[in-house]
Structure formats: C-alpha cells, structure tokens
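Notes to accompany the following structure.
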There are 2 protein chains.
Amino acid sequence: RFKNSVIAETPEKKLEHVINDLIEDIAPHAVNVASPYFIGHMTSAIPFFMVHLKTIVAALNQNVVKLETSKVVSVIEKQVMAKIHRLIYRKSDRFYDEHVQNTHTALGCFAEDGTLANLTALWVARNNLFSPKEGFAGVEKDGIQAAYNAYGVERCVILVSRLGHYSLQKAAGVLGIGNRNIIAVKVDKENRIELDRLVNTIDAIKTNETKTRILAVIGIAGATETGSIDPLSSLGRICSENRIHFHVDAAWGGPTLMSHRYGHLLSGIEKADSVTIDGHKQFYMPMSAGMVFFKDPTALDSIVYHANYVNRLGSVDLGIKSISGSREANSLILDAALKIMGSQGYALLIEHGIETARAFADEIRSRPDFELVTAPVLNILTYRVFPFPMKGQFAQGNPLQRKEITAKLNKINRTVQRLQREAGKSFVSRTTLKIVDSPEEEIVVLRCVIMNPMTTITILREILDEQEKIYRNAFP
Amino acid sequence: RFKNSVIAETPEKKLEHVINDLIEDIAPHAVNVASPYFIGHMTSAIPFFMVHLKTIVAALNQNVVKLETSKVVSVIEKQVMAKIHRLIYRKSDRFYDEHVQNTHTALGCFAEDGTLANLTALWVARNNLFSPKEGFAGVEKDGIQAAYNAYGVERCVILVSRLGHYSLQKAAGVLGIGNRNIIAVKVDKENRIELDRLVNTIDAIKTNETKTRILAVIGIAGATETGSIDPLSSLGRICSENRIHFHVDAAWGGPTLMSHRYGHLLSGIEKADSVTIDGHKQFYMPMSAGMVFFKDPTALDSIVYHANYVNRLGSVDLGIKSISGSREANSLILDAALKIMGSQGYALLIEHGIETARAFADEIRSRPDFELVTAPVLNILTYRVFPFPMKGQFAQGNPLQRKEITAKLNKINRTVQRLQREAGKSFVSRTTLKIVDSPEEEIVVLRCVIMNPMTTITILREILDEQEKIYRNAFP
C-alpha cells in the first residue's frame, strides 16, 4: 500500500469518497493524539474551537507576507505579538503604546515551529555580532568568512546545557557556524545547566581563545526530555556581564508565565534578548505555529529583506522581518484563543499538567518496581521500570555488575515501551539520559508529557499497571 | 484600534462573539483574495473543498516530525512526494518502486513556503559542495570558515537571473555565504537569463577567481514579476558540464507540468538537482505549503538531524530531513486534491490562466493608452498606462526628454494602481522593472497574476476601463 507514484489524469475519487477514506481509512491509523492515554509527546488534545478557528483562517486564506494580501490580519498579528511580548518582558505601558502598531519596529515574528524560531533568534544574534563596520558590509551581505576576517575571529561558539533541543545544532549548521561549535555544558542533578561550569567555560574562552567569539548563551525553559528549567536569572546576569546574546528556548515552558502559581519558575526570562515559544505546544494551537520575541524592538532589523513586488521598506508588511515568506494567519487563532480562555483559562490547563505530573511522580515513587528518574518541574517527568530485586543488586554491585544491570534495565524499558505502544491503548515515549555521576553511561527512560486536561492520576495508575503487567509477561 | 497589549486574565468573549467578530469585523477588512477582480498577487481563490481538508488536518492534529505523532500520514506524505517527483523527473517505475516508501531515502520534503524550500535546496547544495574529507568534518559540522580553509576557497557565489526571487538572497545570507554573492545575470528581451553572459561569467570565475566556488546556478520557472521561464534545458547542460548544482525555482510554474498543452514550457526541469514548488500557489492549497524535491534520493542525507527523544536514524520519521521540526500534515490535502481533481483538473485551471492572460495581452495591445511591457509566458503579465500622445513624444524624444516622460509615466502608474486599490473593487499590483536596453532606468508597471477561474476577459476589460477612467480623472 501507499506505493502508487502516479498522479491520475482524471479524477480518481469524489470529494465524499476522499473524506470517507480520511474518516474510515486514515483517521483510524492516525495517532490518537487527543487520547488522555497518549502522554508520550508534546502533541496533545486541542480545545474544539481551535479547529473552527483554523477553518476560518483557511477560508480567509490571507497571506501575511504583505499587507496587500493580509490587511487587518497584519495589525492583529502585531497586537497579539505585543501581548505575548508583554507576558515575557513586562515593559511599560508607554513601551507597548509606542511599539504595538509601530511599522518600523517588531516585537517578534511567527516562524513555522520552534526550530525555525530558534534559528531566527540565532540568525539575529549572528548578524548583530558581526554587524557592518568600516570596510565590512556585515555578515548577512559578505558572509561568515569575511565576517571572521573583519573581526579577527576563527570560530564562533554557542553555549547551552546538554539538554538543549537538537534544533540548536541545526541552526548552528544552517547559519554556517558549524554544529560542532555548540558547546554542551553539563547539568546538575536537577537537570539545570551548571553555572560554575558555564562561567569557567566563558572565562577560559575569553582568556585562551582570543579568536573565538561566543555567539549566544541559551537557557532552556522546559527541556524537551525532562521539562527542567535553567536558572534564567543567573544566566541573564552572566550574559549581561559578558555582553553575550542571551536566548531562552521556552518553546515548551513559555506559557507557564500565565500561571500565578508557577509563572515564577521562569523568572529571569525577561532578561533574555530573544525568546522562543511554540503556539502549538502549551498555547494548544493546531500544528504548527512557532514564535520568537526580541527584547529590543529593532533587533529584527538585522535580517530585513524586501522586494519591489512584495513588501516595501517602512510598510507594515510582516514578511520583511521573518525567515519565511508566504505564511498563513495563525495569529488570528492565538488572538481569538486568548480572548476565549483568558490567561487564567490557560493557567488552569498548565496547572493541571504540573500538579498531575507531581502526583504521578509520587505514585511512581511509591511503587517498588519503578524508579522516578527526573522529577517534574513542569509537566514532564521520566522514570523507568526498575524491579525491586534489582535495586538491591545494583546498590551492592561493583562497577561491572552495575553496568550489566543497567544494560538489562535498558532492555526491559525499551521492550515495555514498545509493547505498550503496540498494544495501542496507551503511549509513553522513551529517550536516553546520561547519568550525572557517570556521564558515559546512558539509561533508557520512559518519558511522560502531561498536557491533556482529561489525563487524571487514575489513568496514569492504569498506565503503570499496564507496564507492570507487560514487564511480568515479557520477563517472567 | 488594535493597540491593546494586555492579555485579559478572564475570558473576554464567548466563542460565538469571537466568531461573530471574525465574520463581521475582521473578514470585511481582510483582503478578498477570492475575488476574480483580485489579480495582483499569487494568492487567489481556492477550491471550497480545500478548506474542509484543512479542517480535517487540524482536527487530526498530527505532527509530521516523527512517526509516533503522525503514523499513516508519514507514508501518505512519502507517496505524494513521489507523485510530484515523478511529475518533475519522470524516472522509471523501478526507481519509484524502490524509493516511494524507502525509509533510507527521501525524494523531497515539505518546507513552510518557497523561501524555506529554496533555503533547503541551497543548504543541501552547500553541504554537498563542502562535504567531509580528510581532516575536515564537513561544513555542517565545522562551519563555513573551516570549509573554505579545507577547500582553499575564499568566496562562494550563486548565479541567477536578476528576476530571481528575493528568497535566494535571504538563503545566501542565512547560510553564511553572504547575499552579496548572489550574482544577478542580465536577462534578454523575453526576461530569460542570458545564456552567453552566464557562460562567460562561469568561465571568468573558473579562470580568474581560483578561490571562488560556484555553489549553484538557479533557473526560474515562473519569475515572480513576469512569469517568465529560463531556458532550463540549456541551464541543465551548462551545469552538468561544469559540475554545478542546478536548482530550479518553480515555486510558481511547477504545476504547469500537469498541462499537456503547456507542460513543455518547463522542459529541462528534469535536469535539475533540486526543484522548489509551492503548494499554496498553483496547487491551490491553503496557506502555506512549500515543497522541495531532489533528483538524487540521498541528497537530503547531507542535512540529517536526529535526537533520542524524537526521530531515530533509519526510521521513517520525516523530521530527520527537513529544515523545520514540528509541522502539520499538509500532505493529506495535496494527496486528496490530486485524487479529487486529477492532473487534468489542475490543467484546466492552469490553461485557463495562461490563455486568459494571452487574451488580456491582446486587449492591452489593442488599447492606444496602454503598453504591454512583458507578454505572458505563463499567467503573469505586466503593462502600464502609456497615453497615446506620450508615445509619439517618447519615440521622437532625446534621452533627457525620454527620462522625463518615463518619470511622468511612473507617477501616473503609481497613482492609478493606488487609487484603484483604494476604490476597493479591483486589485492589480505594481512593481518596477529595469528596461533591457537602458539598464539604469526603472519603469513602474502594473502586474497581473491570473489564477482565478472566474477571472474572464470581460472582467479584465472592466479593470482596464476603470484604470483609464482613474487616469483621466487624476491627470485631466
């Protein structure tokens, strides 16, 4: 099946049959992301009205690249960008009055997803680091080679904890920095970047590697694997002291700012020069709606592009300052959702996720045959099947025996995850984490992302029960 | 209005009111892209079923980055990619049997829009040009500086006609090549790249600039401003002889391949190493759905990224080989549309556009007060108001007088376009073109894109009538 590579000349199917196929043949084989038992990834149920809003966006079919094909949508987008910017940066009324509809400045832009939002942030940082000067037209015009020559540089590095998303590597590769120059800093037992190590690395570079520049330090607000949050305030201070671009990848955690109860977990984010947030994650928008915000409303000036037939400089044309050209008006969806739910509506969803994850962590701790590996800070946790008898063996074992036990545990957890997925009722994901104390060793863990308001502790207990049963059947 | 930068804590509006606002307050101020009188841009009416398909995609909310969040959609996407690849490259049944569902190869990928599709093509070309070798891990890992050192290069250039889309500049900037290194080659009177100049430029670089590498030559199949098509077959031959990556930007013109009557206009496209086509243009999909295809099914290997928690090497996870990470399942829409309309359904739309544009060109030629500036090859043409008496003056004038007349004509056409747009009934866009004979001079032209099947020659006559009237009122 699905091996037909020929476009039929004449209509193959009527609309009704195509829709029928989608409902009867495709939908049942699609992933049931809306199930409360589907807690493996950052893709979940979305409020029903999101689908209707997406329909309206498709029906209007505006193209946000230019005012002539988007009109009112462009001003709504600027407004909603200001709302999220304010959530992050909490600048004054005067600041927002000045910038919300200012055609010369931009508080941020949409990018297809977090990957492209991170790329945009680092693109801006690169261009500002290697800005035009006497005899050099800037890196955007002259390229990396000329930039390095003009600034007496041989290498550029980006510092981020080793839990940084792989999109950062991709961005460094695309931008010509080289993805090897992403320096992965170790994390502490709470999976936060080790500040001492970071400072030492920065100092060492400044002292010994005179031809190396630090392009950016990246803080994570909601690591993909563990949900952990770096100490943003300290990172902000370190970056400011060393005049380094500070980017925060809050693709996942950003909307937590709407919660009075947990917003403080991200404090310090207002020090970031740029921030990524994904609309299709905890803003519960349909795929796919990334966003990036900048503290400085002129930061995006370093990536301006325009063309005669499309957007003119000084116009409100949003395509002037974005990595993409044509794109749909997803800002309408976010604008509407903020009005329908209010920040406290979102906060309810976010708080439910965090508190359910904490209750789940307690449940895992209470079960002898499991081990909680990373406790939830936000609504993500990792754990593994760790049969009680093996715990004793591990504690008393020598390094070689421990290694053997770890290998066995990895096999058990891989198997349990696969069989549960194949059974089709529940889904958790798996990943590998490095153990802080013995960094060479990787352990396979089960990973849960709790973002569905229908996912209760009862359901989570069922998922653990199922895993226990699978384990006992597979490893009798 | 639209200056509120505060997210309300509690719900501001019920869904019904938000939808009401969208219908009564936003929609009337959105751009009526579906009007047959809206012939100014590449955004037009879409078949009604496209909206329903988009609704289904949103409701399923699959995330194509990985199989675990997209499942059947991933195999459908591979199938539809093969269908379009076959339209372009016409390889053998055996080739498609081998690759359509091959998890190790990729015939192309979706990218948000043409800009990101072009960027992806040039990213691949860059990485293949500076691939790993003894002592060098490849440009993606080590960066541009190291790549240039390893290959003894100081500069990389990309050659394209001066009608190339501005996204190419953006791509060169992002990729670290420097957008100044896009070399704009002159065009002939039919707005096609001048092959002699191109060959001379290539030869000169090879002879005199030993430290310059040509990253790619780009052919245009449907220039944004004029709809013109470069001589793709000759470009393919030149690239092949010189071993240069040949990219074709067919964002606009690609679907013309479905027409038996006009598909031949793109002949030679099968020689391209990579091809961009936009789904939201002449595949009439909703915003936004760019695509890029590669002749070599392993070409995308040079940009592979993966991560433990998401996509694993050798899996069918589509996110391994794309510039974006998370993205929606637009491939479902294209797959369905191809079944519903067949290639001949699309051909009807495309042929209507081309033939209506040709009839429109005849109409413009027959009116004394207009001048056809670029005749349509596809369904795009440019013209201007050129009052009959001024034609005589221009023909007999000396260079200075001609310059003055051109300035006056530019003013007239800018005014006519603006007043017509403001009147709100019709919309044509405007751009500036350089005159082939006097390349320093720019003329303002009106630009029409005919892609709405409801746009008839009668409507086009009305648009000309309106422009004549506006001109007479504004310049009595």
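Values below: all heavy atoms of this structure, side chains included; hydrogens, waters and symmetry mates excluded. Just so it is clear: chains get the letters A, B, ... in the order the sequence lines come, proteins before strands, and each one is counted from 1.
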Hey, could you give me the CG/CG distance between A:Asp142 and B:Asn179, rounded to the nearest 0.5 Å?
-> 8.5 Å
Sort B:Ile46 into side chain, backbone, both or neither according to what part of it lies under 4.5 angstrom from a heavy atom of chain A.
-> side chain
Part of B:Leu332 within contact of chain A (heavy atom distance under 4.5 Å) = side chain
Sub-4.5 Å side-chain heavy-atom contact between A:Val100 and B:Phe2 = no
Say you draw a straight line from OG1 of A:Thr55 to NE2 of B:His52; how long is it, rounded to the nearest 0.5 Å?
-> 9.0 Å
What one should report as the nearest heavy-atom pair of B:Arg126 and A:Val174 is NH1-O, 2.9 Å
Judged by atom type as modelled, is there a donor-acceptor pair below 3.5 Å linking the side chain of B:Lys3 to the main-chain atoms of A:Asp97?
-> yes
Under 3.5 Å, side chain of A:Glu9 to main-chain N/O of B:Gly342, donor-acceptor pair present?
-> no
Using a 4.5 Å cut-off on heavy atoms from C-beta on, say whether the side chain of B:Val31 contacts that of A:Gln62.
-> yes
Could you give the distance from CD (A:Glu328) to CG (B:Asn330), rounded to the nearest 0.5 Å?
-> 7.0 Å
Proximal component of B:Phe427, with respect to chain A [non-hydrogen, under 4.5 Å] | side chain
Residue selection (most heavy-atom pairs with chain B, distance under 4.5 Å) from A:Ile23, A:Ile76, A:Val64 = A:Ile76
Heaviest contributor of heavy-atom pairs below 4.5 Å to chain B, chosen from A:Val18, A:Leu87, A:Asp25, A:Asp278, is A:Val18
Winner by heavy-atom pair count (cut-off under 4.5 Å) against chain B, out of A:Trp123, A:Phe38, A:Phe49 | A:Trp123
Can you tell which part of A:Leu53 gets under 4.5 Å to a heavy atom of chain B, answering side chain, backbone, both or neither?
-> side chain
If you look at every heavy atom in A:Leu60 and B:Ala30, which pair is closest and at what distance?
-> CD2-CB, 4.4 Å
A:Lys54 to B:Ala58 - nearest heavy-atom pair and separation | CG-CB, 3.7 Å
So CG of B:Asn61 and OH of A:Tyr284: to nearest 0.5 Å the spacing works out to 12.0 Å
Is any side-chain heavy atom of B:Asn4 closer than 4.5 Å to a side-chain heavy atom of A:Gln79?
-> yes
So, the side chain of B:Glu112 versus the backbone of A:Ala111: is there a donor-acceptor pair under 3.5 Å, distance only?
-> no
Measure distances from B:Ile56 to the heavy atoms of chain A and classify the residue's part below 4.5 Å as side chain, backbone, both or neither.
-> side chain
Taking C-beta and beyond as the side chain, do B:His41 and A:Lys66 meet within less than 4.5 Å on heavy atoms?
-> yes
Any donor-acceptor pair under 3.5 Å linking the side chain of B:Gln169 with the backbone of A:Tyr305?
-> no
Would you say the side chains of B:Arg327 and A:Ser288 form a donor-acceptor pair under 3.5 Å?
-> no
With a 4.5 angstrom heavy-atom cut-off, could you sort out which part of B:Thr69 is near chain A: side chain, backbone, both or neither?
-> both
Considering only heavy atoms and a distance below 4.5 Å, find which of A:Cys156, A:Gly143, A:Ser324 pairs most often with chain B.
-> A:Ser324
By a 4.5 Å heavy-atom criterion (distance strictly below it), what part of A:Val153 contacts chain B: side chain, backbone, both, or neither?
-> backbone
Toward chain A, the part of B:Leu175 with a non-hydrogen atom under 4.5 Å | both
Under 4.5 Å heavy-atom distance to chain A, tell me which part of B:Thr115 shows up: side chain, backbone, both or neither.
-> side chain
Pairs of heavy atoms under 4.5 Å with chain B: top-ranked of A:Leu15, A:Leu119, A:Thr10, A:Ile19 | A:Leu15
Part of B:Ser326 within contact of chain A (heavy atom distance under 4.5 Å) = both
Please state whether the side chain, the backbone, both or neither of B:Arg155 comes within less than 4.5 Å of a heavy atom of chain A.
-> neither
When rounded to the nearest 0.5 angstrom, what is the spacing between NZ in A:Lys71 and CD1 in B:Ile26?
-> 11.5 Å
Under 4.5 Å heavy-atom distance to chain A, tell me which part of B:Ser44 shows up: side chain, backbone, both or neither.
-> backbone
When the 4.5 angstrom heavy-atom criterion is applied to B:Ala8 and chain A, the contacting part is backbone
For the pair A:Glu68 and B:Arg421, evaluate salt bridge (charged side-chain N to carboxylate O under 4.0 Å, His left out) and give the outcome as yes or no after the intermediate values.
-> CA-CA 9 Å; A:Glu68 287 176 351; B:Arg421 189 191 66 214; 3.6 Å; yes
With only heavy atoms counted, which part of A:Tyr148 is less than 4.5 Å from chain B, the side chain, the backbone, both or neither?
-> side chain
Which residues share a side chain to side chain donor-acceptor pair (under 3.5 Å) with A:Glu12, sequence neighbours left out = none
Answer yes or no: is there a donor N or O on one side and an acceptor on the other, between the side chain of A:Lys170 and the main chain of B:Ile323, under 3.5 Å?
-> yes
Portion of A:His280 that has a non-hydrogen atom of chain B nearer than 4.5 angstrom = side chain
Let me know if B:Val80 has heavy atoms under 4.5 Å from chain A in its side chain, its backbone, both or neither.
-> neither
Name all residues meeting the side chain to side chain contact (heavy atoms under 4.5 Å, CB included) criterion together with B:Ala59; count only those two or more places apart in sequence or in a different chain, and write none if there are none.
-> A:Val51
Where on B:Ile7 is there a heavy atom nearer than 4.5 Å to chain A: the side chain, the backbone, both, or neither?
-> both
What part of A:Phe48 gets closer than 4.5 Å to chain B, counting heavy atoms only: side chain, backbone, both or neither?
-> side chain
What do the steps show when you test A:Lys83 against B:Val6 for side chain to side chain contact (heavy atoms under 4.5 Å, CB included), and what is the final call?
-> CA-CA 5 Å; A:Lys83 288 185 180 182; B:Val6 180; 6.0 Å; no
Could you pull out the closest heavy-atom pair between A:Tyr96 and B:Ser5, with the gap in Å?
-> CB-OG, 3.3 Å
Would you give the length of the straight line joining atom CG of B:Asp21 to atom NZ of A:Lys339, rounded to the nearest 0.5 angstrom?
-> 6.5 Å
Toward chain A, the part of B:His260 with a non-hydrogen atom under 4.5 Å | side chain
Heavy atoms of A:Asp113 and B:Gly325 approach each other most closely as OD2-N, 2.6 Å
Of the listed residues (A:Lys78, A:Lys141, A:His29, A:His99), which shares the most heavy-atom pairs with chain B below a 4.5 Å separation?
-> A:Lys141
